[in-house]
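A short worksheet on the structure shown next.
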Amino acid sequence: MLDWIIQPLSLTFMQRALMLGILLGILCAVVGSYMIVQQMGMLAHAISHSVMAGLPIAYVVGIALSFGALIAGVISALMLYLIESRSRVKTDAAMALILTSFVAIGVTLVSIIPGANRIDLLHVLFGNILGVTMKEVWWTLAVTVVAITLMRLFFKELLFYTFDPKGAQASGMPVHFYNASLIIAMTVTIVVCLPTVGALLVVALLVAPAVTAYLLVKELHQMMWVGSIIGSLSSVIGMYLSYYLDAPSGATIVLVAFCFFCLAFLFSPSEGLLVSFWRKHMRSRLSMPS
Amino acid sequence: MLEIQNLSIDYRGTLALHNVSFFVPAGQLVGIIGPNGAGKSTLVEAILNLVPVTQGVIRFKGISLKRQLLKTAYVPQRSYIDWDYPVTVWNVVMMAQTVQTGLFNKFSRQAKHLARTALERVGMYELRHRPIGELSGGQQQRVFLARALAKEAELLIFDEPFTAVDRKTEDIIFDVFQELRAAGKTLLVINHDLGDSLAIYDQLLLLNKRLIAQGTRHEVVTSDNLERAYGRGLTRVFA
Ligand SMILES: Nc1ncnc2c1ncn2[C@@H]1O[C@H](COP(=O)(O)OP(=O)(O)OP(=O)(O)O)[C@@H](O)[C@H]1O
Ligand SMILES: [Mg+2]
């Protein structure tokens, strides 16, 4: 058993994957906690797919692919904002429209731009944690450190804004700035996760650990702590599964995270399904006349 | 003190308020009444700079209110808040001091003292470590009242503070209103109910897109005014 765990660690690519998995677990839980309390899950989903439009364009212009993805993600969020604020179209329809159109742009450009077909769409969609480079690990470390620092510096402001946006605005807080910052932080996180889990599954990494923690704790900062632990564990366990089963790492990581969610849903001490069922059962037995 | 001149608000074509003007002296408790969709929330949101003003001026002590938002405290309508948000009573009340404390600073001892005094005033200090979602509707409303108190504002605005509250909470809110008024603060309170609860106000504003009537309860709640605001049907019950 121990050998089963230690043996892969002698491989350089597994060491890198391990470091990356832990970092992503922390980053996604911090950003994902804000995403959940702000109810931005569908927005994250739309952005994560829209980033695909930026890849072939970045390739042609000659900039880093992740930078192209980031710009496409931000543009899609801006377009959503524009459609919502300047028309009667509802968020739901606007998101479905933007998401699919940006994917279509990406797919079309990859096939018609000469040379862009070297972008491996399958890899973009599903990712591979076992193929990451050291450079990607350093980038992820930098982004994680910046995200945690900003979150700590602005914690009380973000708590106020995300809990009571109207109250925050009525106190004179620059709420549009905080909203835009959260969306940009989410987009950056999505782009950083892309090589590991791919566009199709990246939102799961943001949602699952944070929402699992949401079921277990009572405060936002605890959600981030517990979410970080669950996220890192999911990445590491998923990475081993991917290695031994020879399955795509994105999918195995997401499945492990989902298992954690199910456990919390059933057994959370405060609101778990089975726990409250058990309590009711015991109460009715106690109140029965003997 | 609070001075509104020719205020009109337009939501992408829907006229929510038309040419509303009124004046409120300091130390008054003012009730805002009117049917659903009359623009009551819109009026207070415009005062607090939450919706863009199409036309008009809003002044407090002779200066544009927009530039002195820290002198205001606001308790929004219940439905605006996500009551499942993972936050404790204490941290909700500390939000009152967030802007004054400033970026990158920790809350001062003074700020924490204000929060504590406010929570004790509404009888919620013992429950300060509770998540906000594990309180009753009345207790939640008291926490928001404490948050408004902890801000030490001069103009306090409440959007339907009496919905979903029990008798005990209602009494506490009434008492706190009286204390604030005695301390020279200005209070604007949106009230849904047209019954005896209106007796507490010094002045009433009856709204339906326009300002239908302003004055004491006896001047405002007349069958004529109510008919103009609510249409026929209600008048027989209240006048
Ligand atoms: N964000 C908005 N966009 C467009 N129209 C709005 C918006 N908010 C309010 N309105 C419209 O403005 C009018 C006034 O609404 P408001 O919420 O101020 O009424 P109210 O008097 O507070 O009603 P209630 O008693 O139901 O709370 C309504 O016709 C409403 O449909
Ligand atoms: Mg209203």
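So that the names make sense, note that chain A is the first sequence line, chain B the second, and so on, each numbered from 1. The basis for the numbers below is simple: all heavy atoms, side chains too, and nothing from hydrogens, waters or symmetry mates. Since the structure is predicted, the reported quantities are computational estimates derived from the model, not experimental observations.
Contact residues of residues 199-211 of chain A toward chain B are absent (heavy-atom distance under 4.5 Å).
Only the side chain of B:Leu70 comes within contact range of chain A, judged by heavy atoms closer than 4.5 Å. Contacts between A:Ile36 and chain B at a heavy-atom distance below 4.5 Å are absent for every atom of the residue. Of the atoms belonging to B:Val92, it is side-chain heavy atoms, and not backbone ones, that fall under 4.5 Å from chain A. For chain B, the nearby part of A:Phe154 is the side chain; its heavy atoms alone come within less than 4.5 Å.
Closest of all the heavy-atom pairs between A:Val37 and B:Pro86 is CG1-CD, 3.7 Å.
Around the CZ atom of B:Phe162, the shell of radius 6.0 Å holds more than 12 heavy atoms that belong to other residues, nucleotides or ligands. Crowding of A:Phe277 atom CZ: a count of heavy atoms from other residues, nucleotides or ligands under 6.0 Å not exceeding 12. Other residues, nucleotides and ligands place no more than 12 heavy atoms under 6.0 Å from the OH atom of A:Tyr81.
Applying the ring-ring contact (aromatic ring centres under 6.0 Å, His included) test to A:Phe258 and every residue at least two apart in sequence or in another chain returns nothing. Judged as a side chain to side chain contact (heavy atoms under 4.5 Å, CB included), and not counting sequence neighbours, the contacts of A:Ser50 are A:Ser76, A:Ile98, A:Phe102.
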List, with distances to 0.1 Å, the donor-acceptor pairs found between chain A and chain B - the cut-off being under 3.5 Å and no angle criterion applied.
{"residue": "A:Lys156", "atom": "NZ", "partner": "B:Gly102", "partner atom": "O", "Å": "2.7"}
{"residue": "A:Lys156", "atom": "NZ", "partner": "B:Asn105", "partner atom": "O", "Å": "2.9"}
{"residue": "A:Thr162", "atom": "OG1", "partner": "B:Tyr85", "partner atom": "OH", "Å": "2.5"}
{"residue": "A:Asp164", "atom": "OD2", "partner": "B:Arg147", "partner atom": "NH1", "Å": "3.0"}
{"residue": "A:Asp164", "atom": "OD2", "partner": "B:Arg147", "partner atom": "NH2", "Å": "2.7"}
{"residue": "A:Lys166", "atom": "NZ", "partner": "B:Glu45", "partner atom": "OE1", "Å": "3.3"}
{"residue": "A:Lys166", "atom": "NZ", "partner": "B:Glu45", "partner atom": "OE2", "Å": "3.3"}
{"residue": "A:Ser171", "atom": "OG", "partner": "B:Lys151", "partner atom": "NZ", "Å": "3.1"}
{"residue": "A:Tyr214", "atom": "OH", "partner": "B:Asp84", "partner atom": "O", "Å": "3.1"}
{"residue": "A:Lys218", "atom": "NZ", "partner": "B:Glu134", "partner atom": "OE2", "Å": "3.0"}
{"residue": "A:Glu219", "atom": "OE1", "partner": "B:Asn91", "partner atom": "ND2", "Å": "2.7"}
{"residue": "A:Leu220", "atom": "N", "partner": "B:Pro86", "partner atom": "O", "Å": "3.1"}

Applying side chain to side chain contact (heavy atoms under 4.5 Å, CB included), run through A:Leu220 and B:Val87 and close with a yes or a no. CA-CA 6 Å; A:Leu220 185 67; B:Val87 64; over 6 Å; no
